[in-house]
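Residue numbering restarts at 1 for every chain, and letters A, B, ... go by the order of the sequence lines.
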Amino acid sequence: MRNSISNPTARLAHVLPLALLVSLAASAGVHAQGGPEGAGGPTPSAEAGAPIDLTGYWESVVTYDWEQRMVTPRPGDYDGVPLRPAGIQVMDAWDPAKDTAMGLQCKSYGAPIIMRVPEHLHITWQDDETLKMQTDAGEQTRLFHFVDADAVPQGPRTWQGYSVAEWQLQRVGEGGQPGSDQYRPGRIVWGNLLVTTTDLRAGYLRKNGIPYSEHAKLLEYYDLLQIGQGQWLMEVSSVLTDRVYLFIPYRTSSQFLKQPSDAGWEPSACSAMW
Amino acid sequence: MASNLQAAYSALRGLIVRGTAFAMALVLASASMPVDAQNPAGISGQWVGVDTQATQERGYGLLPGDWAGVPLSTAGRAREYLYSSSLISVPSRFCRPHLSPWELAAGIAGLNFWPVIGADSRIVAWAQGSAFVNPPMMIWMNGMPQPSEYADHPANGFTVGHWQGDMLIAYTTHLKVAAIRRENAYASDQATITSTFIPHGSLMTAVYILRDPAYLTQPYIFSMLYVRSSSEPQAIGLRTPTCLPIDVGIPADAVPFYLPGKSLVVGTMMKFYHIPDSASEGGADTMYPAFRDRIRDQYLKTYHTFPSAKNCKYFCSTPADSLGASTTR
């Protein structure tokens with residue numbers, strides 16, 4: 001059973017039983033650290049109300065699609081991508097030297113592909129309502145804004161686009177209709193992050209020139225799994241829709257292991273060829 | 001204890017004997033059950049595998065000799081180099097079940113979940129079937145104790161599960177020796193699998209973590225995506241499969257293998273993908289970003305010798321309709 005919290009207004013309708021949550025956190029890794037949020041209590045920020053902790057350093061784990069991710073895929077390899085003929089035409093014309101000359105080396109580091117690039121991530125809170133993700137590969141920065149989806153500002157299209165985030169809370173023991181007097185929010189037992197990204201600048205889905213258009217829309221689910229004592233895995237499930245170049249949504253998943261430090265963090269500039 | 005495993009077998013055997021009709025009754029029963037703590041995410045039903053990732057691995061299979069990204073130990077690597085895929089064509093092995101739980105995960109199949117209801121109307125297990133005809137895997141939710149380490153290892157192993165929020169986490173032990181990359185790489189009977197099923201509405205992410213002290217140095221992590229099917233749930237995979245051995249010319253008393261250093265599959269990744277043996281032979285370091293630096297120069301040096309995009313011939317594309325698209329729209 002899920003509830004979503006995307007902004008302070010929406011959160012007013014979702015009461016966090018923090019006392020229960022804190023006791024659960026000790027045993028299950030639930031993260032929320034904000035103040036009490038009962039009837040009349042203060043609304044926690046996105047950071048304080050986070051049901052899971054995604055901050056820290058993370059490293060990609062690449063165990064499948066190795067030939068498409070760890071090296072520059074062969075020219076013309078679009079295996080698994082539901083590419084329309086228009087997209088095949090663009091791919092066939094891929095010219096990394098030309099991209100470099102035009103200063104477009106970061107076309108293969110946009111939001112729709114950046115989580116598939118072998119890399120390290122550094123995730124921090126930029127402020128109470130903005131989660132910041134930096135990558136060492138291509139030195140990209142993504143900002144996840146916990147705002148209303150209809151409050152997306154008009155701005156220039158960028159490689160990372162504009163991302164709206166919301167926590168999806170998983171509860172047990174919920175009862176009644178939300179907003180009614182009978183509503184019991186239940187106990188938060190876990191959660192995940194949902195990120196919707198638009199306003200993208202057209203780029204590549206793979207290093208070998210498979211295109212996505214500026215009309216693409218990216219949906220991502222961030223889940224956290226404990227895989228051992230003190231070992232955490234971040235699972236990112238992505239759904240990219242692009243009516244220009246894709247027949248159907250392009251769905252992929254990527255994994256990252258939590259790192260104890262910044263060891264391995266090696267920023268490198270975008271490359272059109274590698 | 002062994003008796004626990006026997007009890008699990010008995011329950012599963014009962015399901016198989018009663019057959020599909022009984023299983024469909026279970027499905028119908030589940031349809032009327034309220035969504036509660038026994039099934040917080042509504043995991044019941046049919047899930048179709050998404051083919052837009054791991055396409056080659058799940059479809060026509062990776063090239064022989066492709067172990068890149070598999071954390072093979074020295075022993076694991078030695079085993080792969082001795083293996084000949086002709087082995088499964090030996091008549092006595094032809095019908096041997098080779099669809100392990102791992103192959104259900106990383107293979108081409110979709111998933112099907114249905115609850116097994118106990119006498120107290122509570123869910124005692126989740127049955128996980130696939131489009132293949134092997135018996136479903138039972139994920140016991142009723143605190144079934146682990147069998148003895150000396151207990152038999154059935155085709156599907158022994159699995160217990162629990163919920164964490166909306167995630168169903170299953171832990172499988174007592175596996176048989178089985179392929180983890182089609183016929184490319186194998187895990188031992190000491191391996192375990194932790195499967196986490198994470199529903200996100202009509203999308204489900206499954207994360208599989210294979211640990212094998214014999215052939216792997218680190219956990220092997222694999223993820224699959226599924227979309228909920230609009231079809232009615234079907235209790236599939238309950239019938240005993242019928243297998244008819246076909247004579248493909250391998251003598252009945254043959255044991256195909258490669259002598260050390262003589263494997264014919266070595267070098268195939270270089271031929272098709274220009275990927276050096278240091279990568280294709282696998283190992284934990286091939287899973288991480290830093291490995292790229294070790295092969296960068298060699299790889300880029302020959303990149304220009306690949307055929308052009310328009311002349312890409314092998315493993316270049318999957319028809320869009322095979323990925324679920326209607327190209328006539």
Can you confirm whether [X] sits close enough to [Y] that some side-chain heavy atom of one is under 4.5 Å from a side-chain heavy atom of the other?
X	Y	result
B:Ile275	A:Trp66	yes
A:Val71	B:Tyr303	no
A:Gln168	B:Asp166	no

Compare every heavy atom of [Y] with every heavy atom of [X], then report the nearest pair and how far apart it is.
X	Y	answer
A:Asp77	B:Cys312	N-SG, 4.3 Å
A:Ser237	B:Leu203	CB-CD2, 4.4 Å
B:Pro289	A:His120	CG-CE1, 4.4 Å
A:Met70	B:Thr286	CE-O, 3.5 Å
B:Thr52	A:Pro82	CG2-CD, 4.0 Å
B:Asp66	A:Glu67	OD2-OE2, 2.9 Å

Toward chain B, the part of [X] with a non-hydrogen atom under 4.5 Å:
X	answer
A:Leu246	neither
A:Ile88	neither
A:Val81	backbone
A:Arg116	side chain
A:Pro73	backbone
A:Leu225	side chain
A:Gln255	side chain

Measure the spacing between [atom1] of [X] and [atom2] of [Y] and express it to the nearest 0.5 Å.
X	Y	atom1	atom2	result
B:Phe315	A:Arg74	CZ	CZ	7.5 Å
A:Gln68	B:Gln53	CD	CD	11.0 Å
B:Gln164	A:Leu224	CD	CG	9.0 Å
B:Lys310	A:Met91	NZ	CE	10.0 Å

Where on [X] is there a heavy atom nearer than 4.5 Å to chain A: the side chain, the backbone, both, or neither?
X	answer
B:Val70	neither
B:Ile169	neither
B:Phe306	side chain
B:Leu300	side chain
B:Ser308	backbone
B:Pro71	neither
B:Leu323	both
B:Tyr299	side chain

Quiz prompt | Among the listed options A:Pro85, A:Gly76, A:Pro75, the residue most often paired with chain B at heavy-atom distances under 4.5 Å | solution = A:Pro75
Quiz item: A:Val61, A:Leu83, A:Val239, A:Val117: which one forms the most heavy-atom pairs within less than 4.5 Å of chain B?
Solution: A:Val61
Quiz item: Between B:Gly69, B:Ala279, B:Ala309, B:Gly282, which residue shows the highest count of heavy-atom pairs closer than 4.5 Å to chain A?
Solution: B:Ala309
Quiz prompt | chain B contact residues among residues 261-274 of chain A, heavy-atom distance under 4.5 Å | solution = A:Glu266, A:Met273, A:Trp274
Practice problem: Determine whether more than 12 heavy atoms belonging to other residues, nucleotides or ligands lie under 6.0 Å from atom CZ of B:Phe272. | Solution: yes
Exercise. Check whether the side chains of A:Glu235 and B:Thr205 place a donor and an acceptor atom closer than 3.5 Å, and report yes or no.
Key: no
Exercise. Could you walk me through whether B:His274 and A:Thr72 pass the side chain to side chain contact (heavy atoms under 4.5 Å, CB included) test, one step at a time?
Key: CA-CA 11 Å; B:His274 296 190; A:Thr72 306; over 6 Å; no
